[in-house]
**Q** 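First the structure, then my questions, so here it is.
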Amino acid sequence: LFPVAGKRLTSSIPRMSGAFSLMRSKHSRTESEGVCVLEPQDGPAEGAIVWLHGLGDTFHGFADIMEHIVPYNIRCIIPNAPNRPVTMNGGMVMPAWFDMRTIGDRSTFSTEDLLQTREVVHALLDEQCELVGSKKVILGGFSQGGAVAVHAGLSYAQPLRALICHSGYVVGIDNYRKDNADSNFSIHPRSTRSPILAIHGEEDFVVPIELYDQSFGALEKILEDDVDFVRIPKLGHSLDVSTINLLRLSFSNFLAQEP
């Protein structure tokens, strides 16, 4: 998440309620200081989802939701971002995948932090790809986590089943180069085979819909391939029942496809 009009924001993730709270989870849940893992109860995992939370949040912001929407035979890993000072929030220390000054081009965020985070995410992907195969792994996230998911997925050396960005954008889009191994924003040739789903609320005033449109539109041109845009009317910088259902269906549909 990001501040608006000088205000420091925290997560806008809904608590589980209604029909979702009545659904029995088919996963065992293990929490440590740095990660939450949802493991299938009825047998070995046949796929995996790595999900990254937003700025100022922890895995607690998504664990309950994921426990009820991840397919019964799929493992879900939700890591915590490290605590670090965030310039745009007055230097306050909070969970953050990278430091930011404003939302925008490369000059407004820490490339060093982003690349360090990318290494961590790639290590998680390596582990899951070895266990279930890369085409059975989804990488996604919300807000800053979604931005990291796209960045890490595009630079990963194996094609994933999908990249999902909810309420985020393509960080450093003006610096992307296709097939340029010397660039910190290079796109690995194999990663271009990973479908991209980008979900955004039309009333998001934290990560403006214009930034979503501009950055993912530019990415489409670089990739010479389509990004699946999903714009949600009347939705701000948050999830609602419709987008939770959309994530549930997307997880099931992507992972049901043959590698």
**Q** Take Thr58 and His53, measure what side chain to side chain donor-acceptor pair (under 3.5 Å) needs, and give me the verdict at the end.
**A** CA-CA 6 Å; Thr58 66; His53 62 73; over 6 Å; no

**Q** Taking the side chain as every heavy atom from C-beta outward, state whether Ile49 and Ile78 have any pair of such atoms under 4.5 Å apart.
**A** no

**Q** Do His166 and Thr243 touch side chain to side chain, with heavy atoms closer than 4.5 Å?
**A** yes

**Q** Indicate whether any N or O donor in one side chain lies under 3.5 Å from an N or O acceptor in the other, for Tyr169 and Asp213.
**A** no

**Q** If you look at every heavy atom in Tyr176 and Val171, which pair is closest and at what distance?
**A** CE1-O, 3.4 Å

**Q** Do Val50 and Leu125 have side chains that get closer than 4.5 Å, going by heavy atoms?
**A** yes

**Q** Using a 4.5 Å cut-off on heavy atoms from C-beta on, say whether the side chain of Phe59 contacts that of Val37.
**A** no

**Q** Would Val137 and Arg161 count as a side-chain contact (heavy atoms from CB on, under 4.5 Å) here? Give the steps.
**A** CA-CA 5 Å; Val137 177; Arg161 171 48 62 204; 5.8 Å; no

**Q** State plainly whether one hydrophobic cluster holds both Val148 and Val120, where clusters connect Ile, Leu, Val, Met, Phe, Trp and Tyr through side-chain heavy atoms under 4.5 angstrom apart.
**A** no

**Q** Any salt bridge between Asp99 and Arg84, counting N to O under 4.0 Å?
**A** no

**Q** Could you work out, with salt bridge (charged side-chain N to carboxylate O under 4.0 Å, His left out) as the rule, every residue matching Glu202, not counting sequence neighbours?
**A** Arg231

**Q** Are Val121 and Leu131 connected, step by step, through hydrophobic side chains (Ile, Leu, Val, Met, Phe, Trp, Tyr) whose heavy atoms are closer than 4.5 Å?
**A** yes

**Q** Can you tell me if Thr108 uses its side chain to pair, donor with acceptor, with the backbone of Thr102 under 3.5 Å?
**A** yes

**Q** Within this structure, what is the CD-OG distance for the pair Gln116 and Ser110, rounded to the nearest 0.5 Å?
**A** 7.5 Å

**Q** Taking His200 for the side chain and Val207 for the main chain, is one N or O donor matched with an acceptor at less than 3.5 Å?
**A** yes

**Q** To the nearest 0.5 Å, what is the distance between CG on Leu197 and CG on Asn253?
**A** 10.5 Å

**Q** Distance check, rounded to the nearest 0.5 Å: His68 atom NE2 versus Arg248 atom CZ?
**A** 12.5 Å

**Q** So that I can tick it off, tell me whether Lys136 and Glu46 are bridged by a salt bridge, with the cut-off set at under 4.0 angstrom between side-chain N and carboxylate O.
**A** no

**Q** Does His122 form a ring pair (Phe, Tyr, Trp, His ring centres under 6.0 Å) with Tyr156? I'd like the steps, not just the answer.
**A** CA-CA 7 Å; His122 282 182; Tyr156 194 55; 5.2 Å; yes

**Q** Answer yes or no: is there a donor N or O on one side and an acceptor on the other, between the side chain of Gln144 and the main chain of Trp97, under 3.5 Å?
**A** yes

**Q** Test of understanding: with side chain to side chain contact (heavy atoms under 4.5 Å, CB included), list the residues that count as partners of Ser252, not counting sequence neighbours.
**A** Pro71

**Q** Do Leu114 and Asn184 touch side chain to side chain, with heavy atoms closer than 4.5 Å?
**A** no

**Q** Do the charged groups of Glu39 and Arg75 touch, with an N to O distance under 4.0 Å?
**A** yes

**Q** Apply side-chain contact (heavy atoms from CB on, under 4.5 Å) to the pair Leu239 and Phe62, showing each step before the final yes or no.
**A** CA-CA 11 Å; Leu239 283 75; Phe62 272 96; 4.0 Å; yes

**Q** Considering non-hydrogen atoms only, spot the tightest contact between Ile209 and Gly201 and give its length.
**A** CD1-O, 3.8 Å

**Q** Which heavy atom of Ser143 sits nearest a heavy atom of Gly54, and at what distance?
**A** CB-CA, 4.3 Å

**Q** To the nearest 0.5 Å, how far apart are CD in Glu203 and CZ in Phe205?
**A** 5.5 Å

**Q** Taking all heavy atoms of Ala45 and all of Val132, pick out the closest pair and write down the distance.
**A** O-CG1, 3.7 Å

**Q** Quick one: does Glu220's side chain have a donor or acceptor within less than 3.5 Å of a partner on Val227's backbone?
**A** yes

**Q** Which atoms form the tightest heavy-atom contact between Pro79 and Leu52, and what is the distance?
**A** CG-CD2, 3.6 Å

**Q** How far does CZ of Phe254 sit from CG of Leu163, to the nearest 0.5 angstrom?
**A** 9.0 Å

**Q** Between atom CD1 of Ile164 and atom CD1 of Ile138, what is the distance when rounded to the nearest 0.5 Å?
**A** 5.0 Å

**Q** Given side-chain contact (heavy atoms from CB on, under 4.5 Å), test Cys36 with Leu38 step by step and report yes or no.
**A** CA-CA 7 Å; Cys36 175; Leu38 305 177; 4.2 Å; yes

**Q** If only atom types and distance count, is the side chain of Gln41 paired as donor or acceptor with the main-chain N or O of His27 below 3.5 Å?
**A** yes

**Q** Grab the two heavy atoms, one from Leu235 and one from Ser238, that are nearest each other, plus how far apart they are.
**A** CD2-O, 3.6 Å

**Q** Tell me whether Leu115 is reachable from Leu55 by hopping between hydrophobic residues (I, L, V, M, F, W, Y) whose side-chain heavy atoms are closer than 4.5 Å.
**A** no

**Q** Apply side-chain contact (heavy atoms from CB on, under 4.5 Å) to Cys165 and Phe216, showing your working.
**A** CA-CA 10 Å; Cys165 179; Phe216 280 105; 3.9 Å; yes

**Q** Is a side-chain N or O of Asn89 found less than 3.5 angstrom from the main chain of Gly91, in a donor-acceptor match?
**A** no

**Q** Indicate whether the side chain of Asn245 and that of Ser242 have a donor and an acceptor atom separated by less than 3.5 Å.
**A** no

**Q** Please determine whether residues Met100 and Met92 belong to a single hydrophobic cluster, defined as Ile, Leu, Val, Met, Phe, Trp and Tyr linked transitively by side-chain heavy-atom distances below 4.5 Å.
**A** yes

**Q** May I ask you to decide if the ring planes of Phe251 and Trp51 are parallel, tilted or perpendicular, using 30° and 60° as cut-offs?
**A** perpendicular

**Q** Quick one: does Leu246's side chain get under 4.5 Å of Ile199's, heavy atoms only?
**A** yes

**Q** Could you check whether any side-chain N or O of Ser167 sits under 3.5 Å from a backbone N or O of Phe142, counting only pairs where one atom can act as donor and the other as acceptor?
**A** no

**Q** If you define the side chain from C-beta out and look only at heavy atoms, does anything of Asp228 sit under 4.5 Å from Val230?
**A** yes

**Q** Is the distance between the ring centroids of His151 and Phe98 less than 6.0 Å?
**A** no

**Q** Does some side-chain heavy atom of Ile77 sit less than 4.5 Å from a side-chain heavy atom of Val35?
**A** yes

**Q** I'd like to know if the side chain of Ser194 reaches the main chain of Leu160, judged simply by a donor and an acceptor atom lying under 3.5 Å from each other, with no hydrogens or angles considered.
**A** yes

**Q** Does a side-chain N-to-carboxylate-O contact under 4.0 Å join Arg118 and Asp113?
**A** no

